Amino acid sequence: MHSLQSQPQLNGLDGQIRSYSSERDRYVVRVAYIDQEVFRSLPPEMQLEISLHPPETRDISVSCNNIRIAVGTHVRLEGLEQRVQWNGKYGRIVKWIDGGEGGDGGRYEVRLSRQYAVLVKPQNVRL
């Protein structure tokens with residue numbers, strides 16, 4: 001997760017997407033939580049142990065713009081306005097392309113077939 005403003009202590013954490021609410025246009029993500037300052041101060045072997053057996057988990061509601069779906073994940077395209085023929089198509093995320101400085105946030109490259117891949121905004125990708 002990244003760019004969270006209401007819970008900045010969760011930025012940089014990995015999580016597991018549990019569900020999606022189309023009414024709220026948000027994902028429910030389960031995160032293992034430990035204060036990052038405390039975590040970084042621990043010896044590497046303790047960090048590994050905590051990573052494998054997190055002390056606490058919680059579910060949070062997150063905008064699609066605040067997560068990065070893992071490469072290799074199968075997704076469905078929806079809400080495309082200019083290329084409506086791709087809506088409802090399934091593909092696999094092959095990479096994230098950052099929007100850069102002053103960019104509009106970046107795009108996923110989604111492979112629809114061996115020959116064809118498309119670039120789509122995070123809000124146009126569903127699990």
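Computed from a predicted structure; not experimentally measured.
Here Arg111 contributes atom CZ and Ile93 contributes atom CD1; the two are 13.0 Å apart, rounded to the nearest 0.5 Å.
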Problem set entry | Candidate pair Glu109 and Val94, rule side-chain contact (heavy atoms from CB on, under 4.5 Å), full reasoning | CA-CA 6 Å; Glu109 181 178 331; Val94 293; 3.4 Å; yes
Exercise. Please walk me through it: do Asn87 and Lys89 pass side-chain contact (heavy atoms from CB on, under 4.5 Å)?
Worked result: CA-CA 6 Å; Asn87 288 325; Lys89 302 289 185 201; over 6 Å; no
For this session: Go through the steps to decide whether Gln82 and Leu80 satisfy the test side-chain contact (heavy atoms from CB on, under 4.5 Å), and finish with yes or no.
Result: CA-CA 6 Å; Gln82 298 206 357; Leu80 297 166; over 6 Å; no
Exercise. Between Arg92 and Thr73, is a side-chain contact (heavy atoms from CB on, under 4.5 Å) present by the stated rule, with each step listed?
Worked result: CA-CA 6 Å; Arg92 185 177 50 83; Thr73 302; over 6 Å; no
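Annotation: side-chain hydrogen bond (donor to acceptor under 3.5 Å, both in side chains) contacts of Arg68 (sequence neighbours excluded): His2. Residues satisfying the side-chain contact (heavy atoms from CB on, under 4.5 Å) test with Asn66, not counting sequence neighbours, are Ser3, Leu4, Val62, Ser63. Here Arg30 pairs with Asp59 under the side-chain hydrogen bond (donor to acceptor under 3.5 Å, both in side chains) rule; sequence neighbours left out.
Between Met1 and Leu10 the shortest heavy-atom distance is CE-O, 4.0 Å. Minimum interatomic distance between Pro122 and Cys64 (heavy atoms only, all atoms of both residues): CB-O, 3.6 Å.
For residues 2-27, the pairs satisfying salt bridge (Lys or Arg N to Asp or Glu O under 4.0 Å) are Asp25-Arg126, with sequence neighbours left out. Identified under the ring pair (Phe, Tyr, Trp, His ring centres under 6.0 Å) test for residues 3-30, with sequence neighbours left out: Tyr20-Tyr27. Among residue pairs with one or both ends in residues 62-99, those qualifying as ring pair (Phe, Tyr, Trp, His ring centres under 6.0 Å) are Trp86-Tyr116, Trp96-Tyr108; sequence neighbours excluded.
With contacts defined as side-chain heavy-atom distances shorter than 4.5 Å, the pair Leu127/Val75 qualifies. Contact of the Val29 side chain with the Gln16 side chain is not registered, since no non-hydrogen atoms from C-beta on lie closer than 4.5 Å. Residues Arg83 and Val118 are not in side-chain contact: their nearest non-hydrogen atoms beyond the backbone lie 4.5 Å or more apart.
The hydrophobic cluster containing Val28 does not contain Ile69, counting ILVMFWY residues as joined when their side-chain heavy atoms lie under 4.5 angstrom apart, directly or transitively.
Heavy atoms from other residues, nucleotides or ligands lying under 6.0 Å from CD of Gln85 number more than 12. Around the CD atom of Glu45, the shell of radius 6.0 Å holds more than 12 heavy atoms that belong to other residues, nucleotides or ligands.
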